[in-house]
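For reference, the structure is listed below as structure tokens.
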Amino acid sequence: MLNFAKNFIMLEISYLRTNAAEAVTGLRKRGIEAEQAIADILRLDELRRQNQNELDQTLAESNKLSKEIGMLFKQGKGEEANALKNRTAELKEKVKELQQEQEQLKSSLEQDLVALPNVPIDLVPDGKTPEDNLEVARHGDLPNLGNTAKPHWELAEELKLIRFDLGVKITGAGFPVYQGKGARLQRALINFFLEENIKAGFEEYQPPLMVNEDSGFGTGQLPDKEGQMYHITEDKLYAIPTAEVPVTNIFRNEILEESELPIKATAYSACFRREAGSYGKDVRGLNRLHQFDKVEVVSLTKPEDSMAMLDSMVDHVASLLNKLELPYRILRLCGGDMGFTSAITYDFEVWSAAQERWLEVSSVSNFKTFQTNRMKIRYRGEDKKTHLLHSLNGSALALPRILAALLENNQGPEGIRIPEVLHSYTGFEII
RNA sequence: GGAGAGAUGGCAGAGUGGUCGAAUGCGGUGGUCUUGAAAACCAUUGAGGGUCACACCUCCGGGGGUUCGAAUCCCUCUCUCUCCGCCA
């Protein structure tokens, strides 16, 4: 078991010690004024180290005395030994006080640290809302289907590809049943994504779909997003909201050799999200589900390689969408729209022709050391010392909205056209 | 669900109150030897904090206690394994 109270730190304190100004500037992109908070953190850090120094010296003295006492007893000098015991009693008191102080300093330091989100890098645009996200690429023409275009939930029901009614019957809303060619299309997409990811150098994993508390804390779902995960209280397990959780945790508390790097992993999994508070058009059809399928990619790199890895992951995800012939755009999220743990995030959105809106199908992020600091994922450098790795992940890809876009964009008088690249996986070319 | 065993460094595995951060073996790294490699031999090899660098401190599953002193004794929690039962 991890000691959560002691493994809570997100930003590296050593980073703040040397880059406080950069952190303050970066956090402004999120609309956070952190100058005072960081100053407080550094002051606490200073106090903590002073206290530890004093504590260490007291302990050293106490250790020394204990050894002397041991020696004296062995030599039969019981009197002298007992005399020394008085002094150790005093030291014991002092140690106790200093330790209590140390615990307090640590916990307030950690409390302050975990309140700070990751520092956005230079590239990240300033801004508060999704309107401030920067569109960095757009690919493919938006189909013009006129007003006869049907939304995917109508197509799916009519063609008996996805049975929302059956899902409600056997489980509840947000748990659709895929049927016939709908099921086969979904399976084809999973296989297609996995195969493409493997070709791109990612190693396939099949992780557990439930994780323990340690893993939930590791990737940062706990304690903040506890309400978003399905919780099996009887066994203290959580249903994974994404394969990122089990896959990244594979490397928790590991020290990797440079020769093993970079780590590139991919995994298909079902994902479970409670999505408390969602409503309206956002949850219509496949737009937002409690259970959905996703193929994820996760990377661990040396710090100097993480930006190049991010670019290659973005290119890779783009290539998947190109092959599926779906119109999409890539957004570089602004500071205010980024997740708490990310230093930079690119979102991929596909065009949904009947809903006439963009749907997010992938989010590719570089977390730098934010996750690895908590999970102690390190590598041994040329200097023989251990250093934190950078972690990155992205969807490649999330299935439901891809399915939605394929159904809507490719509908025509003949039926729904399946992109050529999927034919060998589906076994059919039209629905 | 019932019964039992166990948790020590990358792995295996000693260690029942002081000089144990921890024997030994394997693995890793460096070297000797060799045309090269293997073998053999020699040396080295846990993590974290702290320091310019040392010193020093902490850690033997987690937490608490006894003691001048705990990997070793006590309490407690968690987890793992084995056998039986049930079952894909």
Side-chain angles (χ1 to χ4, degrees), chain A residues 1-18 41-42 44-107 109-110 113 206 208-218 222 232-238 249-261 263 369 372-389:
Chain A
M1 282 281 282
L2 285 174
N3 182 338
F4 300 137
K6 287 178 183 167
N7 286 281
F8 229 41
I9 302 164
M10 301 293 270
L11 276 174
E12 286 180 276
I13 185 72
S14 60
Y15 165 80
L16 287 178
R17 278 179 205 151
T18 48
I41 285 169
L42 292 177
L44 276 172
D45 179 49
E46 186 61 36
L47 286 174
R48 207 221 94 226
R49 283 191 286 172
Q50 275 173 20
N51 170 277
Q52 198 194 8
N53 223 312
E54 203 178 336
L55 174 61
D56 284 356
Q57 298 205 343
T58 314
L59 282 170
E61 197 181 338
S62 172
N63 289 343
K64 206 173 135 201
L65 277 176
S66 290
K67 276 183 188 167
E68 277 177 39
I69 290 171
M71 299 279 257
L72 288 170
F73 271 125
K74 251 181 193 167
Q75 293 166 11
K77 299 177 183 171
E79 290 286 312
E80 288 179 48
N82 281 319
L84 285 181
K85 283 192 190 180
N86 295 329
R87 282 182 57 196
T88 58
E90 285 171 36
L91 290 176
K92 251 179 125 174
E93 276 297 304
K94 195 173 170 191
V95 164
K96 208 170 180 181
E97 275 173 39
L98 288 168
Q99 272 175 342
Q100 274 173 9
E101 206 179 319
Q102 178 75 193
E103 287 310 311
Q104 277 172 11
L105 286 167
K106 264 189 185 168
S107 84
L109 183 59
E110 283 156 10
L113 265 175
Q206 288 189 15
L209 302 183
M210 292 189 213
V211 295
N212 58 28
E213 283 186 342
D214 286 358
S215 297
F217 275 87
L222 292 174
I232 294 92
T233 51
E234 187 152 6
D235 298 295
K236 291 188 201 154
L237 295 174
Y238 293 85
N249 272 284
I250 287 171
F251 303 96
R252 170 153 50 88
N253 276 321
E254 295 288 336
I255 300 173
L256 301 167
E257 294 301 326
E258 256 189 294
S259 57
E260 303 175 78
L261 298 170
I263 299 283
T369 59
T372 56
N373 184 35
R374 182 179 265 186
M375 284 201 270
K376 303 291 172 244
I377 305 181
R378 295 151 294 172
Y379 75 104
R380 195 174 306 284
E382 281 174 30
D383 56 3
K384 301 292 174 201
K385 290 185 180 170
T386 61
H387 305 276
L388 293 176
L389 287 161

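Protein chains get the first letters and strands the later ones, always in sequence-line order, with residue 1 at the start of each. Bear in mind the structure is a predicted one, so any value in this text is a computation, not a measurement.
- At the heavy-atom level, Leu91(A) lies nowhere under 4.0 Å from the strands shown.
- Note: CD1 (Ile69(A)) to P (rG18(B)) measures 15 Å, nearest angstrom.
- Rounded to the nearest Å, the gap between the C1' atom of rG62(B) and that of rC56(B) is 27 Å.
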Would Arg380(A) and Glu258(A) count as a side chain to side chain contact (heavy atoms under 4.5 Å, CB included) if you check the C-alpha gap in whole Å, the side-chain angles of each, and the deciding distance to 0.1 Å? CA-CA 6 Å; Arg380(A) 195 174 306 284; Glu258(A) 256 189 294; over 6 Å; no
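- Remark: P of rC59(B) and NZ of Lys376(A) are 18 Å apart, rounded to the nearest angstrom.
- Base pairing annotation: rU19(B) forms no Watson-Crick or G-U wobble pair, as no partner gives both donor-acceptor distances under 3.5 Å.
- Atom C1' of nucleotide rC59(B) and atom NZ of Lys106(A) are separated by 11 Å, given to the nearest angstrom.
- Taking atom P in both rG30(B) and rA37(B), one finds a spacing of 12 Å when rounded to whole Å.
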Apply side chain to side chain contact (heavy atoms under 4.5 Å, CB included) to residues Asn53(A) and Gln50(A) and explain how you reach the verdict. CA-CA 5 Å; Asn53(A) 223 312; Gln50(A) 275 173 20; 5.6 Å; no
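- A gap of 12 Å separates the C1' atoms of rA40(B) and rU34(B), to the nearest Å.
- For the C1' atom pair drawn from rG17(B) and rG6(B), the interatomic distance equals 23 Å after rounding to whole Å.
- Atom CD of Glu93(A) is separated from atom C1' of rU67(B) by 15 Å (rounded to the nearest Å).
- Atom CG of Leu47(A) and atom CG of Leu42(A) lie 11.0 Å apart (nearest 0.5 Å).
- Among the nucleotides rA47(B), rU78(B), rG18(B), the one closest to the side chain of Phe73(A) is rG18(B).
- Taking the nucleotide of RNA chain B with the nearest heavy atom to each of Arg378(A) and Leu59(A), the more 5' of the two is matched to Arg378(A).
- Residue Thr386(A) places at least one side-chain N or O under 4.0 Å from the OP1 or OP2 atom of rG48(B).
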Please enumerate all protein N or O atoms sitting under 3.5 Å from an N or O of nucleotides 50-54 of chain B, with distances to 0.1 Å.
| residue | atom | partner | partner atom | Å |
| --- | --- | --- | --- | --- |
| rG50(B) | OP1 | Arg17(A) | NH2 | 3.0 |
| rU51(B) | OP1 | Arg49(A) | NH1 | 3.3 |
| rU51(B) | OP2 | Arg49(A) | NH1 | 3.4 |

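- Comparing the same atom, C1', in rA14(B) and in rU32(B) gives a spacing of 32 Å after rounding to whole Å.
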Hey, mind stepping through Leu113(A) and Leu16(A) against side chain to side chain contact (heavy atoms under 4.5 Å, CB included) and telling me if it holds? CA-CA 10 Å; Leu113(A) 265 175; Leu16(A) 287 178; 3.6 Å; yes
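- Within 4.0 Å of Ser62(A), counting heavy atoms only, lies no atom of the nucleic acid at all.
- Taking atom CZ of residue Arg380(A) and atom P of nucleotide rG27(B), one finds them 19 Å apart after rounding to whole Å.
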Contacts under 3.5 angstrom, residues 81-96 of chain A side chains, donor-acceptor by atom type, not counting sequence neighbours:
| residue | atom | partner | partner atom | Å |
| --- | --- | --- | --- | --- |
| Asn82(A) | ND2 | Gly78(A) | O | 3.1 |
| Thr88(A) | OG1 | Lys85(A) | O | 2.7 |

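- The nucleotide rU80(B) finds its pairing partner in rA5(B), both defining distances of the Watson-Crick or G-U wobble pair being shorter than 3.5 Å.
- Of the side-chain N and O atoms in Lys92(A), one or more sit less than 4.0 angstrom from OP1 or OP2 of rG69(B).
- Taking atom P on both nucleotides, rG28(B) is separated from rU67(B) by 48 Å, rounded to a whole Å.
- Residue Glu12(A) forms a side-chain hydrogen bond (donor to acceptor under 3.5 Å, both in side chains) with just one option from Thr369(A), Thr372(A), Asn373(A), and that option is Thr369(A).
- The gap from the C1' atom of rC60(B) to that of rC20(B) amounts to 10 Å, rounded to the nearest Å.
- With both ends at atom C1', the span from rG36(B) to rG50(B) equals 47 Å, rounded to whole Å.
- Between the side chain of Ser62(A) and the backbone N or O of Thr58(A), no donor-acceptor pair lies under 3.5 Å.
- Nucleotide rG69(B) forms no Watson-Crick or G-U wobble pair with any nucleotide shown, as no partner meets the under 3.5 Å limit on both distances.
- Contact between the side-chain N/O atoms of Asn63(A) and the OP1/OP2 oxygens of rC57(B) is found at a separation under 4.0 Å.
- Sequence order on RNA chain B of the closest nucleotides to Lys67(A) and Gln57(A) puts Lys67(A) first from the 5' end.
- In this structure, Ser66(A) reaches the bases: a heavy-atom distance under 4.0 Å links it to at least one base atom across the strands shown.
- Partner assigned to rA39(B) is none, using Watson-Crick or G-U wobble distances below 3.5 angstrom.
- Regarding Glu103(A), its CD atom lies at a distance of 12 Å from the C1' atom of rU58(B), rounded to whole Å.
- Base pairing of rG27(B): its partner is rU45(B), meeting the Watson-Crick or G-U wobble criterion (both donor-acceptor distances under 3.5 Å).
- Considering only residues two or more places apart in sequence or on other chains, Gln102(A) meets the side-chain hydrogen bond (donor to acceptor under 3.5 Å, both in side chains) condition with Arg48(A), Asn51(A).
- When heavy atoms are screened at a 4.0 angstrom cut-off, Asn86(A) is found touching no nucleic acid atom at all.
- To the nearest angstrom, P of rC57(B) lies 15 Å from CG of Leu98(A).
- When the C1' atom of rC57(B) is taken as reference, atom CD of Glu61(A) falls 14 Å away, rounded to whole Å.
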Stepwise side chain to side chain contact (heavy atoms under 4.5 Å, CB included) test for Asp214(A) and Arg252(A): CA-CA 10 Å; Asp214(A) 286 358; Arg252(A) 170 153 50 88; 3.7 Å; yes
